[in-house]
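None of these values were measured; they are calculated from a predicted model.
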Amino acid sequence: MGPEAEYKEGEIMKVKITGKSHVKPSKKLGRRECRLVTFDLPYIAFHYNQKLLVYKGNEYEDMVGKLKDGLGAVLEDFYQLAGKLARDEEGVLSVEYDDDMAGVEVVEANAEWISVEDLAVELGTSTLKELIPYNGILNSEGLHRPLLSVQLTKLEDGLAMGLALNHAIIDGTSTWHFMSSWAQICSGLPSVTVLPFLDRTKVRNTKVKLHPPPPDQDPQNASSNGTADAEPVDPPLRERVFKFSESAIDKIKSKVNSNPPSGGSKPFSTFQSLAVHMWRHVTQARQLKPEDHTVFTVFADCRKRVDPPMPESYFGNLIQAIYTVTAVGLLSMNPPEFGASMIQKAIEMHDAKAIEERNRQFERSPKIYQFKDAGVNCVSVGSSPRFPVYEVDFGWGKPETVRSGINNRFDGMVYLYRGKSGGGSVDAEISLEAGAMERLEEDKEFVAEVN
């Protein structure tokens, strides 16, 4: 790293913006409109979802040209990302597209003093924030902003692709379906192999009127000129990527399954085993009282849970938060299978009937959720090791690093990614209050399972 980039945690890298353009579908599509449904609306006051993919390569201009051409082609099928949010006089939200709209925002930038290796750090996200657009921007601002913004930053030996995607219109499954399809087109395929299923009303056809309307700006995070930075949180948060190898995951899973609870429960899955491992150790690092409550939250994919089931290619939000609550003393003093069993039961109980009841409850009394509403002393898991994040190859190789941005982070937020080494490895991006993170890093039992 050159002298210009010798910054401390939280300092600005001074990435230089060199250009801005917009990309629309390569052919005329006319006007299209689709109402947002009950599954989409809880996320309207979350921030844009941010991802960063870092690639090696020295042909920046060629890479940008190929990405823009491929984006225009893939938007013919994923045109909702080139549209805007709209709200009618009743407060009903929809996603709209017509040929006169600007399309996807593409920002070009330069940070040639930063190398690909510099961005492979396991600590922090604030040093990455200049590489990803829309810091601190709410999804509700999609009423007058693009629903997708892409920043392509030239590095010393590669390209950083920062993405801001409006979480009111797509979840993680849809995000990586789009990214994989874009990569396929750039790699030479004539068309998308799996078309997006775009009709949201097939999963829910209830008009939901949001009153009061969602906020247009986050007063704490968004500035009037549109260049927003997240305000410092008190107490300060720290982020860290913990890399669990396949053998470490196997060891954790074996330990949790070594003494299964009576009652004929199924063996605990990899997710349930890793989830309780993180929940217990994070709770211990927080030094809570035994009588305090702690919540484990997972945003579960409901495509196969709803009745009738929806295809994997359903494009939109089809997730719901599943909560597990217990006392700190019960979680920490019982063996890990106690917490794992609670998580397992909560996930199994979230069937079509439970999903229907959650939807009806929301429709009776719509609530604009904040991203911090995951629960007290929570460990909240987003993303999934199932997503093919390291398979997104635009024609110059797989990404060297995949990270999340600063948006939608709070004390206890966890993003899980498939490990770069493949197999059953998992990367866990954890955000914690600084003191708790320091204690977690010193937790020998937790760190022993980390690469």
Item to check | Salt-bridge criterion met for Lys255 and Glu445 (N-O under 4.0 Å) | outcome: yes

Checklist entry - Between the main-chain N or O of Ile249 and the side-chain N or O of Thr270, is there a donor-acceptor pair closer than 3.5 Å? => result no

Item to check | Main-chain N/O of Phe46 paired to Asn139 side chain as donor or acceptor, under 3.5 Å | outcome: yes

Item to check | Short side-chain donor-acceptor distance under 3.5 Å, Arg35 and Asn205 | outcome: yes

Checklist entry - Roughly how far apart are Lys84 NZ and Asp98 CG, rounded to 0.5 Å? => result 10.0 Å

Item to check | Backbone of Ile319 reached by a side-chain donor or acceptor of Asn317 within 3.5 Å | outcome: no

Next on the checklist: Check Glu429 with Arg409, please: is the shortest side-chain N to carboxylate O separation under 4.0 Å?
Outcome noted: yes

Checklist entry - Using a distance-only test with no angle check, is there a side-chain donor-acceptor pair under 3.5 angstrom linking Lys51 and Tyr417? => result yes

Checklist entry - Quick one: are Trp182 and Val392 in side-chain contact, heavy atoms under 4.5 Å? => result no

Checklist entry - So, do Ser313 and His177 sit near enough that their side-chain heavy atoms are less than 4.5 Å apart? => result yes

Checklist entry - Applying the side chain to side chain donor-acceptor pair (under 3.5 Å) test to Glu356, which of Lys353, Arg360, Arg358 qualifies? => result Arg360

Item to check | Donor-acceptor pair, side chain of Gln151 and main chain of Glu130, under 3.5 angstrom | outcome: yes

Checklist entry - Are Val376 and Val295 close enough, and set up right, to give a side-chain contact (heavy atoms from CB on, under 4.5 Å), and what steps lead you there? => result CA-CA 6 Å; Val376 64; Val295 179; 4.2 Å; yes

Checklist entry - Can you tell if the side chain of Phe271 reaches within under 4.5 Å of the side chain of Leu416, non-hydrogen atoms only? => result yes

Checklist entry - Taking the side chain from Asn334 and the backbone from Glu337, do they hold a donor-acceptor pair closer than 3.5 Å? => result no

Checklist entry - Given side chains that start at C-beta, do those of Asn407 and His167 come closer than 4.5 Å, heavy atoms only? => result no

Next on the checklist: In the structure I gave you, are the side-chain heavy atoms of Lys398 and Glu391 within less than 4.5 Å of one another anywhere?
Outcome noted: yes

Next on the checklist: Closer than 4.0 angstrom, basic N to acidic O: yes or no for Lys243 and Asp427?
Outcome noted: yes

Item to check | Name of the residue among Asn377, Val328, Asp292, Leu440 meeting side chain to side chain contact (heavy atoms under 4.5 Å, CB included) with Arg286 | outcome: Asn377

Item to check | Heavy-atom side-chain proximity of Tyr134 to Glu105 below 4.5 angstrom | outcome: yes

Checklist entry - So, Ser174 and Asp171: side-chain donor and acceptor under 3.5 Å apart, yes or no? => result yes

Next on the checklist: Taking atom NZ as the centre, does Lys345 end up with more than 12 heavy-atom neighbours from other residues, nucleotides or ligands that are less than 6.0 angstrom away?
Outcome noted: no

Checklist entry - Can you tell if the side chain of Met342 reaches within under 4.5 Å of the side chain of Phe296, non-hydrogen atoms only? => result no

Checklist entry - Is it true that Arg403 and Glu239 have a side-chain N and a carboxylate O under 4.0 angstrom from each other? => result no

